[in-house]
> 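I have a structure I would like to understand better, so I am pasting it below and will then ask my questions one at a time.
Just so you know, these numbers use all the heavy atoms, side chains as well, and skip hydrogens, waters and symmetry mates. Naming: A, B, ... by sequence-line order, numbering from 1 per chain.
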Amino acid sequence: MLEERVDQGRRLVNMFLGTSLGAMFLSVFYPLVKYLIPPKLGEPTTISVTVPWKPAELKANSGRIFRFGSRPGLLIKTPAGDLKAFSAICTHLDCTVQYREDRQAIWCACHNGVYDLNGKNISGPPPRPLDPLQVKVRGDQIVVMKG
Amino acid sequence: MRVNGIIGWIEERIDLSGVKHLLQEKVVPVHHHTIWYYFGGMTLFLFVIQVVTGILLTFYYRPSAEEAYESVQFLMTEVQFGWLVRSIHSWSANLMVATMMIHLFSVYLTQAYRKPRELTWVTGMLLFGIVLTFGFSGYLLPWNVLSYFATKVGTNVAGVVPIVGRALLRFLRGGDDVTGATLSRFYGLHIAILPLLTTLILGLHLFLVQQQGMSVPPDVERASAQQPIRTMPFAPNFLLRDLFGWFVALGVLAALAAIYPWELGQKADPFASAPAGIRPEWYFVFMFQTLKYIPARVGPFDGEVLGVMGFGIGGLFLLLVPFLDKRAARGEPSPLFRWIGIGIILYIAVFTALGYLAPGGK
Amino acid sequence: MRIVRQLSFGLFLLAALCLFRVPTAAAMHACIDCHKGLEEERLSRPVKKITDDYHMVKGLKCQDCHGGDHTAFDNKEASHSRAKGFLGKPKRQDIPTFCGRCHSDPRYMRKFNPKIRTDQVKEYYSSVHGKKLREGDKNVAVCISCHDVHAIRAIKDEAAWTYPIKVAETCTRCHADAKYMKDYKIPTDQLKNYKKSIHYEVLTKKGDISAPTCPSCHGNHGATPPGVDSVANVCSNCHAATAELFAKSAHEEAFSDLGQPACVTCHGNHDVLKPSDELLAGGKDTPCANCHEVNSSELKKANEIRTHLQDLAKGIDRAEAILTRAEHAGMEVGPPRFELIEAKDALIKARAETHLVKVKRIKTLTDPAVVIAEKTVKKGQELMVQLQFRRKWLAASLLGIGAVLVGLFFKIREVDRRGGSG
């Protein structure tokens, strides 16, 4: 009789242990599988961003702000028709710069800093040129990348 | 049973007697110091966690100065449970160094390094160095401000070693400064070279432990002259207890990852100045703090060089202790070495605390 | 024995070399050679100072400014000979022309720096300092008052008295000294006031050397305070957008009719504080109350503007706070942070727009930005909810682990009893 009770006890412990171990195994397996499934956003987008405009849409001598990672970028089309991109963060006190058609230059409204079409600081307080970004045109798409 | 059939099939082809002996015959001594036996296995368990989470991380991490930070950010936010894998990896690394130190010092203070286990001790010390290198190289990989400057300071200290210092610094950094080249090197070191070395040396370490069995502290050994030492079977008793500890560790890791997720900080900017209060990981802090206290010049010698040489000599002492401690080798009590060990533990504890509490060290 | 002899000889040679003064290039110069040993401090001081002098770096020496014969060693008459063009120490009122001998000569200066200006002396005589010097006032600043003498550093040298971060100290060595300035009818509290300003803070704490300091508004060589009608022109060099808006507003005419200068009437001249939205509160102590009645419709408008600005500012602060909390808890906040930049830009624009004093314009700027700030707060709250999910997941898995531990505990007990631990 005692033997049976001991056996039952043993079976109970084994069952309990087995089930809980199984549950733990699943709770490790589940995140693992989800981790390995590729996420919606294929890869980190802070390196390259496709701007939402087509090359033909942009007029010469104009500029637009777009999102690059978590910071603003400025895409300009020079009067000559070249596409250029820079970080839109002014190197003086971090205001967002804008393109001025009337001056054919990049301007910061905060303290009247001016950058030329190569991003170089030519007037006012900004101590450094704007960080340049690479622009690549692939057919109908404009891709802006770091560097 | 099905299992027996499979085992029988294998036994017809491979000699499984070693494995059988391990599972059926191996015993573990039971005494008031048995608790320390679990720390080696705990370190091994945490290492396995590191390998698994580390391999998972390689699926998304990109080892270049331009992409490393962003790839970790991506991992933490877009990848399902990416935050969990990364936080577990970072926390487990720290826990592993802690359990390894407990393992090291408990082995030291129970003099388990004495004959015939000198080689086990030496392989263990080599593993300790490897694990610290794992920590140092892995710390740089997210390429954030803290890790960039910690690496800068750390490799600077390496450059202070006499004669080979400059070459060593250039070798570590892949150049004169910490750059993307450093990142590539550290990555190769972290995922290929160090794992290979660990496999070889750890394999040797575990083989030796299995071959020689568990060491028993000298006082227990002496007492066993009157009375045989109690033992428990390795399988399943000791293993189950091991498993218990491992699940506790797993729970701790999960809690740490969910409640104190590992921060990513800001992306490294080589042109910015170092933030105030820069400090290496806690297991290097005692060395960092010691160097802060040594004056710039001590007599005709450069203070920093003296400090680094001091650490080198300390490490060498620990490495060679089985060969230096003649009394333990004879099985006699060795209070001098025990006190040295306690002194080293106190030194590390005090200086680590100073590193966090002393003014100017914030 | 031999080695001992060789060593001693070597040591003797070393000692001898140390004791013998090998003539250096400086010692080969009669002026320096004599003046450095003179007892009178004011005569030996120049020798100590010229080690820092930029003219020396360019190869000029004592005789290039003071004339005389620099090869006449130990012979005061010969070295100080008028025939050799010795000029000695120029009189204070002659110092500008003394320096101007070179600095106003483009043909000479372009040998060193073709771009350097050569009109400083002319400008100087158009300044208050220059005019008074001509009238015989010896107290006013001359070249050496601001540029030091014998230790004249380059303009770009951070230790130069005229370096942007240090120049205010230089000007106020006289201008903040009440005793020195007691005969002139101008205040001496400019430095005290300037130190309260945002310009001073940006200059000294952020190290932004484009921030205005004394010469930025007053000029350096032609130093004159800008007149009441032109001080706004000075501010508008940097604050162009704001000045444009003010010029289009009703205040432009009103101020010029009253003879009040733009900008400084409300913002001060030296103590230009970081403007706060409270300037618009319309209370008795605001600049508006200087002209407008306390409960007038204009001040009510001002208060309305302030309310719009404050609402937006508070909304942005709330959004920042929750995003920072989420970020510290490990969540990614890049996209909502970017959206918030638009709101922050709008606030800056709206604050500048107050100079046009049109409530509707301000509202068109702040209203959409407030919406953005609120959306960002919502996004932050969503992130915090995700965080809670993690905590719940953790609790569940800890329960699971707890169950395993309980199971293991019993298993261990069973296995031990089965005759394991013998």
> Classify the ring geometry of C/Trp393 against B/Phe81: parallel below 30°, tilted from 30° to 60°, perpendicular beyond 60°.
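The rings of C/Trp393 and B/Phe81 sit tilted, inter-plane angle from 30° to 60°.
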> Please check if atom OH in C/Tyr163 has more than 12 non-hydrogen atoms from other residues, nucleotides or ligands closer than 6.0 Å.
yes
> Using the side chain to side chain donor-acceptor pair (under 3.5 Å) criterion, which residues pair with C/Asp208? Sequence neighbours excluded.
A/His92, C/Ser210
> Any heavy-atom pair between the side chains of C/Asp416 and B/Arg241 that's under 4.5 Å?
yes
> Other residues, nucleotides and ligands only: do more than 12 of their heavy atoms fall within 6.0 Å of NZ on C/Lys375?
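No, not enclosed.
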> Please indicate whether C/Tyr54 has more than 12 foreign heavy atoms, meaning atoms of other residues, nucleotides or ligands, lying under 6.0 Å from its OH.
no
> Using non-hydrogen atoms and a 4.5 Å limit, figure out which bit of B/Val248 sits close to chain C: side chain, backbone, both or neither.
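Both the backbone and the side chain of B/Val248 come within 4.5 Å of chain C.
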> For B/Trp36, does the CH2 atom sit with more than 12 other heavy atoms under 6.0 Å from it, leaving out its own atoms?
no
> Please rank C/Val404, C/Ile401, C/Ile412 by heavy-atom pairs under 4.5 Å with chain B and give me the top one.
C/Ile412
> CD1 of B/Ile259: more than 12 outside heavy atoms within 6.0 angstrom?
yes
> Would you name the heavy atoms of C/Arg391 and B/Ala258 that are closest together and state the gap between them?
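Result for this residue pair: NE-O, 3.8 Å.
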> Quick one: what part of B/Leu243 sits under 4.5 Å from any heavy atom of chain C, side chain, backbone, both or neither?
both
> How long is the straight-line distance from CG of B/Asn237 back to CD of C/Glu414, given to the nearest 0.5 Å?
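Result: 10.5 Å between the selected atoms.
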> Can you tell me which residue pairs pass the side-chain hydrogen bond (donor to acceptor under 3.5 Å, both in side chains) test with a partner in residues 42-53 of chain B, sequence neighbours excluded?
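Only B/Thr43-B/Thr99, B/Gln50-B/Ser92, B/Thr53-B/His89 qualify under side-chain hydrogen bond (donor to acceptor under 3.5 Å, both in side chains).
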> Identify the heavy atoms of C/Arg390 and B/Met76 that sit nearest to each other, and give their distance.
NH2-O, 4.4 Å
> Could you check which of C/Leu408, C/Leu387, C/Leu398 has the highest count of heavy-atom pairs closer than 4.5 Å to chain B?
C/Leu408
